[in-house]
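These notes concern the structure reproduced below.
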Amino acid sequence: MRREELEAQMERMQRDLEDLEETIGFNLINTSAHISGGQVRKDEACLTALREQIAVIRQLLDSSKA
């Protein structure tokens, strides 16, 4: 991938991460329904995976500067 493509991908993933964090936060704070521990773990796994993917892209971008 070219640098521009990596930067665009990272921006999309950042927006996705922010949206997911907002959605999960809303669900945890504002819902009156019970959220199972399994769902919470699943949500955390999604957040972690997305953060790891962003970190990989950042590392690629940083290494391409050198």
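The figures here come from the full heavy-atom set of this structure, side chains too, leaving out hydrogens, waters and symmetry mates.
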From CG (Asn27) to CD (Glu22), nearest 0.5 Å:
10.5 Å
Determine whether more than 12 heavy atoms belonging to other residues, nucleotides or ligands lie under 6.0 Å from atom CD of Glu4.
yes
Return the set of residues passing side-chain contact (heavy atoms from CB on, under 4.5 Å) with Leu47 (not counting sequence neighbours), or none when no residue passes.
Leu17, Leu20, Glu21, Ile24, Glu44, Arg51
Could you tell me whether Glu5 atom CD has more than 12 heavy atoms of other residues or ligands within 6.0 Å of it?
yes
What side-chain donor-acceptor pairs closer than 3.5 Å can you find for residues 7-16, not counting sequence neighbours?
{"unit_1": "Glu7", "atom_1": "OE2", "unit_2": "Arg3", "atom_2": "NE", "d": "3.2"}
{"unit_1": "Gln9", "atom_1": "OE1", "unit_2": "Arg12", "atom_2": "NH2", "d": "2.7"}
{"unit_1": "Gln14", "atom_1": "OE1", "unit_2": "Arg58", "atom_2": "NH2", "d": "3.3"}

